[in-house]
Amino acid sequence: MSKELISMLSSRLVAVISFFLALTLVKGFEGTFGVNYGTVANNLPPPAQVAHFLLESTVINRVRLFDANPEILRAFAHTGVAVTISVPNDQIPDLTKLNFAQQWVEDYIQPHTPATNIVRILVGNEVISTANKLLIVSLVTAMETLQTALVAASLDRRIQVSTPHSLGILSNSSPPSTGKFRQGYDTHVIKPLLSFLRDSNSPFMVNPYPFFDCSPDTLDYALFQPNAGVFDENTQLFYTNMLDAQLDAVFSAMKLLGFDDLEIVIAETGWPSMGDATQFGVDAKSAAEYNGNLMRHVTSGVGTPLMPNRTFETYIFALFNEDLKPGPTCERYFGLFRPDMTPVYDIGILRPTVAAAANIQHATC
């Protein structure tokens, strides 16, 4: 047998093995893992093409939108993909009025459901961190009013209402057991918000980003790589990664207010594949390590030191690189895929048939 034939057969064997490994990954990830579908770009494919790609070529079956774009909602009709939509921050004050909330539901929800599987509406994004007093004092009332509108439309059992927060809502987060919400906001905004979430059976949603909090010394800790870890003397618990510490700090803050029974959903997290020369750990390898390890960790059922034996519904930021996003270079390179829908790096989210076909074709060539 020639060396060339042996090499070709070996390559095909590797591809077949990769197929079955990918099949195992699909069973673990599907159902709990989603992406943030941002559209701050001028080169993205049409929504119908995106919906078809996600459905046929990936294991992603949850999508979060930053608005309620009708074209995107129509694109996901009859796909079964669980869609989360958003009310922009600037509409929050208006949403406190019942007639506005009812009209919003009539305009953006009722034309699309049940064909499009809308499962959650997010009222704003990181509202408390804006420090905008009008938005902050209107937030809980807007959520309650929107819930009332959903009840009136008989959609409250199908669609949840929540709002995502940055970790800036915490006044203390280290060690995780001392996590605490910022004074003033804790009793006047966050506690009523948590009460609403409990009453409506909705999750508390956060946007943890180890990328923004790590240093060269804690890069491995942020990437779920082997590291010295962090010991919390108060609980005698050991932390091997930064995400667990961030989530447990949020949990501790919620527990302090008496709401440790609520589900926590990771609304955004991610890692850029490119950045400015002055930034460290900003490359495709680090992004693949973070997002790949993230997927395995949050779906493993291990949980965190303070929240053991649980999984976390998680949304990676983001689906695509978005070329019009402002700020430093890294802001435009958080995507899992390029605008032509080729992967920036591989973290096992392509369906096994797609991944195996690509491997076999590469091996044959």
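One-based numbering along the sequence shown.
The 12-atom threshold is exceeded at OH of Tyr239, counting heavy atoms of other residues, nucleotides or ligands nearer than 6.0 Å. Counting heavy-atom neighbours within 6.0 Å of Asp260 CG, excluding the residue itself, gives a total above 12. Shown here is Lys325, whose NZ atom has more than 12 heavy atoms of other residues, nucleotides or ligands within 6.0 Å. For Phe211, the CZ atom is densely surrounded, since the number of other residues' heavy atoms within 6.0 Å is greater than 12. A 6.0 Å sphere centred on CD of Glu233 holds no more than 12 heavy atoms belonging to other residues, nucleotides or ligands. In Lys97, the NZ atom is crowded: over 12 heavy atoms of neighbouring residues, nucleotides or ligands sit closer than 6.0 Å. Atom CD of Gln183 has 12 or fewer neighbouring heavy atoms from other residues, nucleotides or ligands inside a 6.0 Å radius.
Looking only at distances, a side-chain donor or acceptor of Thr145 sits under 3.5 Å from a matching main-chain atom of Thr141. With Arg332 contributing its side chain and Gly327 its backbone, the two residues share a donor-acceptor pair below 3.5 Å. Asn61 places no side-chain N or O within donor-acceptor distance of the main-chain N or O of Val81, the cut-off being under 3.5 Å. Between the side chain of Asp276 and the backbone N or O of Gln279 there is no donor-acceptor pair closer than 3.5 Å. Of the possible polar contacts, none joining the Thr96 side chain to the Ser138 backbone as a donor-acceptor pair under 3.5 Å is found. With hydrogens and angles ignored, the 3.5 Å screen pairs a side-chain donor or acceptor of Asn227 with a backbone N or O of Thr240. For Asn132 (side chain) and Leu135 (main-chain N/O), a donor-acceptor pair under 3.5 Å exists by modelled atom type. Put simply, the side chain of Thr79 never gets that close to the backbone of Ala75: no donor and acceptor are under 3.5 Å apart. Side chain of Thr116 to backbone of Thr113: no donor-acceptor contact under 3.5 angstrom is found.
There is no path of hydrophobic side-chain contacts, each under 4.5 Å, that joins Tyr333 to Leu223. No chain of hydrophobic side-chain contacts below 4.5 Å, direct or via other Ile, Leu, Val, Met, Phe, Trp or Tyr residues, connects Ile266 to Met205. Put simply, Leu197 and Leu170 are part of the same group of oily side chains (I, L, V, M, F, W, Y) that touch within less than 4.5 Å, one to the next. Val119 and Val59 end up in different hydrophobic clusters when Ile, Leu, Val, Met, Phe, Trp and Tyr side chains are linked at under 4.5 Å. Side-chain heavy atoms closer than 4.5 Å link hydrophobic residues (I, L, V, M, F, W, Y) into clusters, and following such links, possibly through other members, connects Phe212 to Tyr221.
A heavy-atom distance below 4.5 Å is found between the side chains of Met307 and Ile264. Contact check for Met295 versus Ile347: side-chain heavy atoms found under the 4.5 Å cut-off. Thr314 has its side chain within reach of Thr269: a pair of non-hydrogen atoms, C-beta onward, lies under 4.5 Å apart. With contacts defined as side-chain heavy-atom distances shorter than 4.5 Å, the pair Val161/Leu150 qualifies. Looking at Pro175 and Asn234, their side chains come closer than 4.5 Å, going by heavy atoms from C-beta outward. Taking 4.5 Å as the limit, some side-chain heavy atom of Phe259 sits within range of a side-chain heavy atom of Ser195. Side-chain atoms of Glu289 and Lys285, non-hydrogen and from C-beta on, do get closer than 4.5 Å to each other. Counting heavy atoms from C-beta on, the side chains of Thr84 and Arg62 never come closer than 4.5 Å.
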Exercise for the section: Using the side chain to side chain contact (heavy atoms under 4.5 Å, CB included) rule, take Ile85 and Asp67 through it: C-alpha gap first, then chi angles, then the decisive distance, then the call. Expected result: CA-CA 6 Å; Ile85 63 176; Asp67 52 23; over 6 Å; no
Practice task
Kindly determine whether Leu243 and Val298 satisfy side chain to side chain contact (heavy atoms under 4.5 Å, CB included), including the steps that lead there.
Solution key: CA-CA 10 Å; Leu243 182 73; Val298 299; 4.1 Å; yes
Problem - Intermediate values then yes/no, side chain to side chain contact (heavy atoms under 4.5 Å, CB included), Thr163 and Leu122 - result: CA-CA 5 Å; Thr163 185; Leu122 304 185; 5.7 Å; no
Practice task
Before giving the answer on side chain to side chain contact (heavy atoms under 4.5 Å, CB included), spell out for Leu336 and Phe320 the whole-Å C-alpha distance, their side-chain angles and the decisive distance to 0.1 Å.
Solution key: CA-CA 6 Å; Leu336 295 172; Phe320 293 114; over 6 Å; no
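Across all their heavy atoms, Val344 and Ser273 have their closest contact at CG1-OG, 3.6 Å. For the pair Pro305 and Asp244, the tightest heavy-atom approach, listed with the atom from each and the gap, is CD-OD2, 3.8 Å. Scanning all heavy atoms of the two residues, the minimum distance from Leu219 to Gly281 falls at CD2-CA, 4.1 Å. Taking every heavy atom of both residues into account, Asn293 and Gln225 meet most closely at ND2-NE2, 3.3 Å. Listed here is the closest heavy atom pair of Tyr108 and Leu73: O-CD1, 3.7 Å. Nearest heavy-atom pair, Phe312 versus Arg310, reported as atom, atom and distance to 0.1 Å: CZ-CD, 3.5 Å.
Shown are Tyr185, Phe204, Phe181; of these, the ring-ring contact (aromatic ring centres under 6.0 Å, His included) with His165 is made only by Phe204. Thr39 pairs with exactly one of Leu65, Leu319, Ile72, Val50 by the side-chain contact (heavy atoms from CB on, under 4.5 Å) rule, that one being Ile72.
Between the CD atom in Gln102 and the CG atom in Asp107 there is a gap of 12.0 Å [rounded to 0.5 Å]. In this structure, CG on Leu256 lies 11.0 Å from CD1 on Ile190, to the nearest 0.5 angstrom. One distance of note links OG of Ser171 with CG of Asp186; it measures 7.5 Å at 0.5 Å rounding. Distance check: Ser154 OG to Gln110 CD gives 9.0 Å after rounding to the nearest 0.5 Å. Between the CG atom of Asn241 and the OG1 atom of Thr304 there is a distance of 9.0 Å, given to the nearest 0.5 Å. If you take CD on Gln147 and CG on Leu155, they are separated by 10.5 Å, rounding to the nearest 0.5 Å.
Using modelled atom types and a 3.5 Å distance limit, the side chains of Thr178 and Asn172 yield a donor-acceptor pair. With hydrogens and angles left out, the side-chain atoms of Asn89 and Glu126 include no donor and acceptor closer than 3.5 Å. With 3.5 Å as the limit, one finds no donor-acceptor pair spanning the side chains of Asp232 and Gln236. For the residue pair Thr32 / Thr311, no side-chain donor-acceptor distance below 3.5 Å is found, with atom types taken as modelled. A side-chain donor from one of Thr218 and Ser215 sits under 3.5 Å from a side-chain acceptor of the other.
Under the 4.0 Å criterion applied to side-chain N and carboxylate O atoms, Arg198 and Asp261 are assigned as salt-bridge partners. The residues Arg120 and Glu313 are annotated as salt-bridged, a charged nitrogen and a carboxylate oxygen being separated by less than 4.0 angstrom. Using a 4.0 Å cut-off between charged side-chain N and carboxylate O, Arg64 and Glu268 make a salt bridge.
Aromatic rings from Tyr315 and Phe33 are positioned such that their centres are separated by 6.0 Å or more.
Ring geometry for Trp271 versus Tyr290: interplanar angle of 30 to 60°, hence tilted. Taking the six-membered ring for Trp and thresholds of 30 and 60 degrees, Phe317 and Phe334 have ring planes more than 60 degrees apart, a perpendicular arrangement.
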